[in-house]
Chemist: 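One structure is given below, represented as structure tokens, and several questions about it will come after.
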Amino acid sequence: MQRIGVFVCWCGSNIAAAVDIETVVQAMKSEPGVVYSTDYQYMCSEAGQGKLKDAVKEHGLTGIVICACSPRMHEATFRNAAKAAGVNPYMVEIANIREQCSWIHRDRAEATAKAVVLSRTAVAKVNLNTPLTPGTSDVVKRALVIGGGIAGLQSALDIAEAGYQVDIVEKQPTIGGKMAQLDKTFPTLDCAACILTPKMVDAAQHENIRIYTYSEVEQVSGFVGNFSVRIRGKARSVKADICSGCGLCMEKCPSKKAKDEFNMGLNNRRAIYIPFAQAIPNVPVIDREQCIKFKTGKCGLCARVCPADAVDFEQQDSIIEERYGAVVLATGFHTLSLEHYDEYQYARQPDVITSLELERIMNAAGPTGGKLLRPSNGKAPKSVVFVQCVGSRDTTGCGKTYCSKICCMYTAKHAMLIREKYPEVDVSVFYIDVRTPGKNFDEFYRRAVEDYGVRYIKGMVGKVVPEKGRLLVRGSDLLDDSQVALEADLVVLASAVEADASAKGLATLLTASIDTNNFYTEAHPKLKPVESPTAGVYLSGVCQGPKDIPETVAQASAAAVKVVGLLSKDKLLSNPCIARADELLCSGCSNCEHVCPYGAVSYIEQELRIHGRNQIRRIAKVNEAICQGCGACTVVCTSGAMDLRGFSNSQIMAEVDALCR
Amino acid sequence: MHNSSCTVKETARKILESGQAERLLGWEQDSSGYNHAPAVFKSAGELDRFIYDRFCGSNLSKLLARLREAEGRTAVLLKACDRESFNLLVREHRIDPEQVHRVDIECSGMVDIEKLRNKGIKGIREITESGDELHISTLYGEKRCRSEEVLLEKCLSCPAVSSADAFDAVGQMEERSSLERYEFWKEALSTCIRCNACRNSCPVCTCEQCIFDNPRSGTAGKASADFFEDQHFHLVRVFHAAGRCTDCGECTRVCPQGIPLYLLNRKVIKDINELYGELSLEDKELGKGALTSFSFQDAHPDIIRKRTGDQ
């Protein structure tokens, strides 16, 4: 029988205000195994921990229950205190009566009753706890960055500069991401390419960085310090090692109907193409769905003109298997598809465009050579209307409920750039609120209004109607309490930022969690903003939530610091809560082996003495150095042969029984 | 069927005489005559009691797991519906295929004696078929009936025998409200006598020790004290069989209380087919099941939120 001590924390008034502490203390005194029950204002304080240590000595405690905040906050604190008092750290259990109780209940009687139940559940578990000792595992000194946009590049560069190897995996044919498509950046209006491309070149030339473009992560196994990753390099159909990037193939390619993704489909590109002039690597890729050779077997012009003989129609996907100590997710975003927003006529009217399309139109390397022209007729517009929050802050269910954060600033930027270059063009902006917190941000927006004469109208647009070759924008002006109808030649929609489509699948592969909007969830919203809840997986950039370039770069560097901190260790203390197979119950079905994400389960033939008879059985063996204690094997094991130390089936049953008592 | 019955027996004889296998798993005439039991035949001489007719519903593949430690090869007769469970047992290493001489046999549907009795057909001597009709020669003269009316439930969804959709009944069940479904199962499962016949005949249930028999599992139990325990037993079994059940129909065939257990299993199979791709046990290279593997095509877990419209 355990000798259990229960310590109920007030957490100042955080718990004590909603829970009657004394009732909990008294209730625990009659629980099986409990020999001591007490309370204190702040258990996590030096004095609180001292109380725990004294009680261990005085009452000969073998098990400890702390009724306090989430184990995420102070489990380690109390485990260390127990260890210092001579009790195995894994004999400590936390009953979370703050986040799961006092913070979410108002009724004192109800909250107190629930605190009692949660506490006795922890006591029931401790009664079955056994002392556990952690082992150690090695750290592979190489990091993987998934995504080669500004976030991924910054993380990779910082890790590489610290002296560790980094691989970048980018699914597009080039690194650069969304920032490469931008024209100017706020609030300084410097050119995006001018500040991004040096970073791209730095990454490409860095001796510690390897870049896999046109590649995707296909499979991940392993754990913090030791991930095994399979990367599929899609066939470019061009041999990257001998291609000189001369571009002859692209000039001669007769297939000219593919939409140019880099220019947001505003013009066409060839079937063999390099997305943009500063692309890295400067190696074309053949779009096999567009290529005449792949479609009909005839053509092959590019191969004939290539002076290096680099075109290879037979090229296969390549598979790269590598081990990494840490993974940085930098999968970025795309903008919400506006095909279904009929009120704005986006799908029907070529002169209704998104802000990202406008970026390409304004860019000197874009489809119009940087001239502001209407996509419908190539003529200069006289009036431009911007609509903000298209799909953002949208509670109708069509779009996203969140604020995309960057649109207010880039819309002000666009408005200002147009007024600067084309002072004769009228520019109006429809907005719900203008949100410009950030260094020099509000000043930037004020400049658009005060110095550049951009007309800001508080209100949303109800409808865009084509009229005599122009567009009539009907909306409301809430400050004036009137309906307005503006004639426009170009309507620019600030479409919402959306997590990249790859985020969901990668979250499953890496057991990183995502929120309802498919943005990766951080381990703690305030204190661990760049860590995912999965150890060794870090978050960089918009994949965690909408943010602008400065914020993205800051977060990317923060993630890099975390990675460097991890890679600088030679050994990690491993979690002793790992699985074990009961050889007499194991049926040898291999299902645990199949679900194990770490490859920790293998099967052996073993002679066992069963009912006085020797039998050779196929049974599961857990490699303790590899098992991470995720518990997937215990769930598929129908006979209950697999059990998790520290979270055994019997412990969980005892907890359920205590809950239901 | 008569012809095929002779052919099967002849095949069995050849296997045993030639020594291709040490023993053969088949069926022997049971005392009632209408529910033939699995049996092991060690020599051609023992085949006198061998039978293969319209009453050989039982699935033999599970018994191979019990014969695993027997010396030499075992020959087994597999009807179409039993082959999938054979594949499962191979995939889960419960059968060593090297030790098995597998014989795929024809089957044109097995007859449910209860259904015949309910039609007042007794004293059966022989059953022959013509088209979708069965001609039953009985002590009381010739009887006829449409075969669909008297086949075992599992045969009604067998593509070789019937064109019915196995998931029709599940679809109808899904259309009911959760309360109606609860009431349906409460009534159906309340008749369970915990005889364990479903588990004992199920080819998925080959654990060395079942959690319902293990006193340390915390879930052991024989008789059910209340409805919760009836539910508990059957639902745990369904979940243990999820991604593994091949709809061989044994549980339903052997249930003395006539509980439509197939509905539970087919519901899971239907969901797996829809969410994770067709349930297939043929993929030996991978060796993984729908629920023990992951691909990007799999449904995301949030499907649960989307599907619980009926609260």
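Throughout, a chain's letter reflects where its sequence line sits, starting with A, and its residues are numbered from 1. What you are looking at is a predicted structure, and each value in this text was computed from that prediction instead of being measured.
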Chemist: Does some side-chain heavy atom of B:R68 sit less than 4.5 Å from a side-chain heavy atom of A:R618?
Modeler: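 No; the side chains remain at least 4.5 Å from each other.
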Chemist: What part of A:I610 is in contact with chain B, defined as an atom under 4.5 angstrom from a non-hydrogen atom: side chain, backbone, both or neither?
Modeler: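 It is neither, since no heavy atom gets under 4.5 Å.
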Chemist: If the condition is salt bridge (charged side-chain N to carboxylate O under 4.0 Å, His left out), which residues does A:K400 pass it with, not counting sequence neighbours?
Modeler: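 With sequence neighbours excluded, A:K400 shows a salt bridge (charged side-chain N to carboxylate O under 4.0 Å, His left out) to A:E498, given in chain and number order.
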Chemist: Taking every non-hydrogen pair under 4.5 Å, which of A:L585, A:I616, A:N649, A:T516 racks up the most with chain B?
Modeler: A:L585
Chemist: Closest heavy-atom contact between B:H240 and A:T638?
Modeler: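 What the structure gives for the nearest pair is CE1-O, 2.9 Å.
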Chemist: Can you confirm whether A:L584 sits close enough to B:E208 that some side-chain heavy atom of one is under 4.5 Å from a side-chain heavy atom of the other?
Modeler: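 No, side chains not in contact.
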Chemist: Can you establish whether the number of heavy atoms outside A:E605 located under 6.0 Å from its atom CD is more than 12?
Modeler: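 Above 12, so yes.
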Chemist: Would you find more than 12 non-hydrogen atoms of other residues, nucleotides or ligands less than 6.0 Å from A:R580 atom CZ?
Modeler: no
Chemist: Please say whether more than 12 non-hydrogen atoms of neighbouring residues, nucleotides or ligands are located less than 6.0 Å from CD in A:E607.
Modeler: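 Yes, enclosed.
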Chemist: Looking at A:Y402, I want to see if its OH is surrounded by more than 12 non-hydrogen atoms of other residues, nucleotides or ligands under 6.0 Å.
Modeler: yes
Chemist: If you draw a 6.0 Å radius around CD in A:Q316, do more than 12 non-hydrogen atoms from other residues or ligands fall strictly inside?
Modeler: no
Chemist: Between A:I514 and chain B, which part of the residue has a heavy atom less than 4.5 Å away: side chain, backbone, both or neither?
Modeler: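 Side chain of A:I514 only, per the 4.5 Å heavy-atom cut-off to chain B.
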Chemist: Within a radius of less than 6.0 Å around CZ of A:R288, do more than 12 heavy atoms belonging to other residues, nucleotides or ligands occur?
Modeler: yes
Chemist: Can you tell me which portion of A:C592 sits under 4.5 Å from chain B's heavy atoms? Options are side chain, backbone, both or neither.
Modeler: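 Neither; nothing under 4.5 Å.
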Chemist: What's the spacing between B:H93 NE2 and A:N591 CG if we round to 0.5 Å?
Modeler: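 Going from the NE2 atom of B:H93 to the CG atom of A:N591 covers 9.0 Å.
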Chemist: Please state whether the side chain, the backbone, both or neither of B:D213 comes within less than 4.5 Å of a heavy atom of chain A.
Modeler: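 Neither part, no heavy atoms under 4.5 Å.
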Chemist: Could you check which of A:Q219, A:R617, A:Q615, A:E218 has the highest count of heavy-atom pairs closer than 4.5 Å to chain B?
Modeler: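 Of the candidates given, the most pairs with chain B belong to A:R617.
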Chemist: Looking at B:C210, B:A241, B:C207, which has the largest count of heavy-atom pairs under 4.5 Å with chain A?
Modeler: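 Highest number of pairs under 4.5 Å: B:C207.
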Chemist: Which one, A:A632, A:G588, A:G640, leads in non-hydrogen pairs under 4.5 Å with chain B?
Modeler: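 So the answer, after comparing A:A632, A:G588, A:G640, is A:G588.
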Chemist: Where do A:S639 and B:Q209 come nearest, in terms of heavy atoms and distance?
Modeler: CB-O, 3.6 Å
Chemist: Considering only heavy atoms, which portion of B:L89 lies under 4.5 Å from any heavy atom of chain A: side chain, backbone, both, or neither?
Modeler: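 Neither part.
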Chemist: Ion pair present between B:R216 and A:D582, side-chain N to carboxylate O less than 4.0 angstrom?
Modeler: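 Yes, this pair counts.
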